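These figures come from a predicted structure and were not determined experimentally.
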Amino acid sequence: MTLLSGQTIHKLVHITDPIRKRAASSFENHDYNMECDTWRCEERRLELQEQATAVKECILSHKKAIEFVHLMSKLFRWTEMAMSGIYVIGELIHIFFLSLMAQFIFDHSLKVRESAYSCSWYNMPTKIQKDVVMILMRSRLPCKVMAGQLFVMSLENFCAILQTSMSYFTVLASFR
């Protein structure tokens, strides 16, 4: 991205053209030793004033372009930060719902044990009692959804990880 517009760059490049033309014409006419009369001095003064005005316009245009670039830079930083924040929030929501489903599975597997124990299994025939005992033995260990065989998915663990993450974030933000 150029910091100056095409018109400003053209103006800046060709700002000395009148001086070059006058110098070339004075060498061609061999009047470079000629004294400056009032008309030519006034013409030269106006040319210099016009050049100074053109340079000021170029400087102001360049300053505005630099301010624009700084504004765009701030906007891009904000946009990147917003996108990162939205991504993190999206991932937190995703992990929350995974943990919620895993918590439902865990809770229902505990209810199987409670239901099997609280039914009147002792009044049932022996064959059914043996089946109920098998259910009770199997339901001692509730079903758990694991994340990578490292982490048990549950709302309790989700909250613990969220709390730890916020603690780390707070510590890192304090070093700023």
Side-chain angles (χ1 to χ4, degrees), residues 1-107 144-176:
M1 179 177 163
T2 59
L3 294 179
L4 294 174
S5 69
Q7 181 182 9
T8 306
I9 291 173
H10 178 75
K11 195 184 290 186
L12 195 56
V13 167
H14 296 288
I15 202 160
T16 58
D17 286 352
I19 295 172
R20 281 191 230 136
K21 285 180 186 176
R22 194 171 26 34
S25 68
S26 66
F27 282 123
E28 288 173 4
N29 297 335
H30 303 289
D31 63 352
Y32 47 88
N33 286 331
M34 195 171 113
E35 288 201 21
C36 183
D37 58 7
T38 308
W39 177 76
R40 286 196 179 172
C41 285
E42 183 65 24
E43 180 182 320
R44 178 159 165 80
R45 189 185 65 75
L46 289 174
E47 283 178 359
L48 290 174
Q49 190 175 13
E50 186 177 302
Q51 288 173 343
T53 303
V55 169
K56 285 179 186 176
E57 287 175 7
C58 291
I59 290 170
L60 289 174
S61 177
H62 188 249
K63 182 181 177 186
K64 286 180 184 178
I66 290 172
E67 289 172 357
F68 176 74
V69 168
H70 287 302
L71 179 66
M72 291 298 292
S73 177
K74 287 179 184 177
L75 179 66
F76 286 139
R77 279 190 299 234
W78 184 87
T79 303
E80 287 177 4
M81 189 170 54
M83 286 186 338
S84 298
I86 290 170
Y87 175 76
V88 167
I89 289 170
E91 284 300 318
L92 283 174
I93 291 170
H94 180 235
I95 293 172
F96 170 75
F97 281 112
L98 290 175
S99 298
L100 183 65
M101 294 300 118
Q103 186 69 45
F104 284 150
I105 291 171
F106 182 78
D107 291 344
K144 299 176 189 173
V145 176
M146 302 287 287
Q149 299 299 323
L150 298 172
F151 175 73
V152 176
M153 299 289 289
S154 68
L155 288 178
E156 182 181 347
N157 287 341
F158 171 77
C159 290
I161 286 180
L162 190 61
Q163 185 177 12
T164 304
S165 299
M166 290 305 292
S167 297
Y168 284 137
F169 178 74
T170 305
V171 168
L172 291 174
S174 69
F175 287 128
R176 210 175 213 202

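The side chain to side chain contact (heavy atoms under 4.5 Å, CB included) test with F68 is passed by exactly one of M72, K64, H70: M72.
Ion pairing of E80 with R77 is absent here, as no side-chain N (NZ or NE/NH1/NH2) approaches a carboxylate O to less than 4.0 Å.
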Practice item. Run the numbers on T53 and E50 for side chain to side chain contact (heavy atoms under 4.5 Å, CB included), then give the verdict. Key: CA-CA 5 Å; T53 303; E50 186 177 302; 5.7 Å; no
Practice item. Check step by step if side chain to side chain contact (heavy atoms under 4.5 Å, CB included) holds for L100 and F104. Key: CA-CA 6 Å; L100 183 65; F104 284 150; 4.0 Å; yes
Check your understanding: Where do M166 and Q163 land on the side chain to side chain contact (heavy atoms under 4.5 Å, CB included) test, with the steps shown first?
Key -> CA-CA 5 Å; M166 290 305 292; Q163 185 177 12; 5.9 Å; no
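Expressed to the nearest 0.5 Å, how far OG of S167 lies from CG of L172 amounts to 11.0 Å. Atoms CG and OG1, on N157 and T164 in that order, are 10.0 Å from each other to the nearest 0.5 Å. Atoms CE and CH2, on M83 and W78 in that order, are 10.5 Å from each other to the nearest 0.5 Å. Distance CD1/I161 to OG/S99: 7.5 Å, rounded to 0.5 Å. With rounding to the nearest 0.5 angstrom, the CZ atom of F97 is 14.5 Å from the CD atom of Q103.
In this structure, F151 places its CZ atom where more than 12 heavy-atom neighbours from other residues, nucleotides or ligands lie under 6.0 Å away.
Here the shortest heavy-atom pairing between M146 and M153 reads C-CG, 4.4 Å.
The closest side-chain heavy-atom distance from V88 to E91 is not below 4.5 Å.
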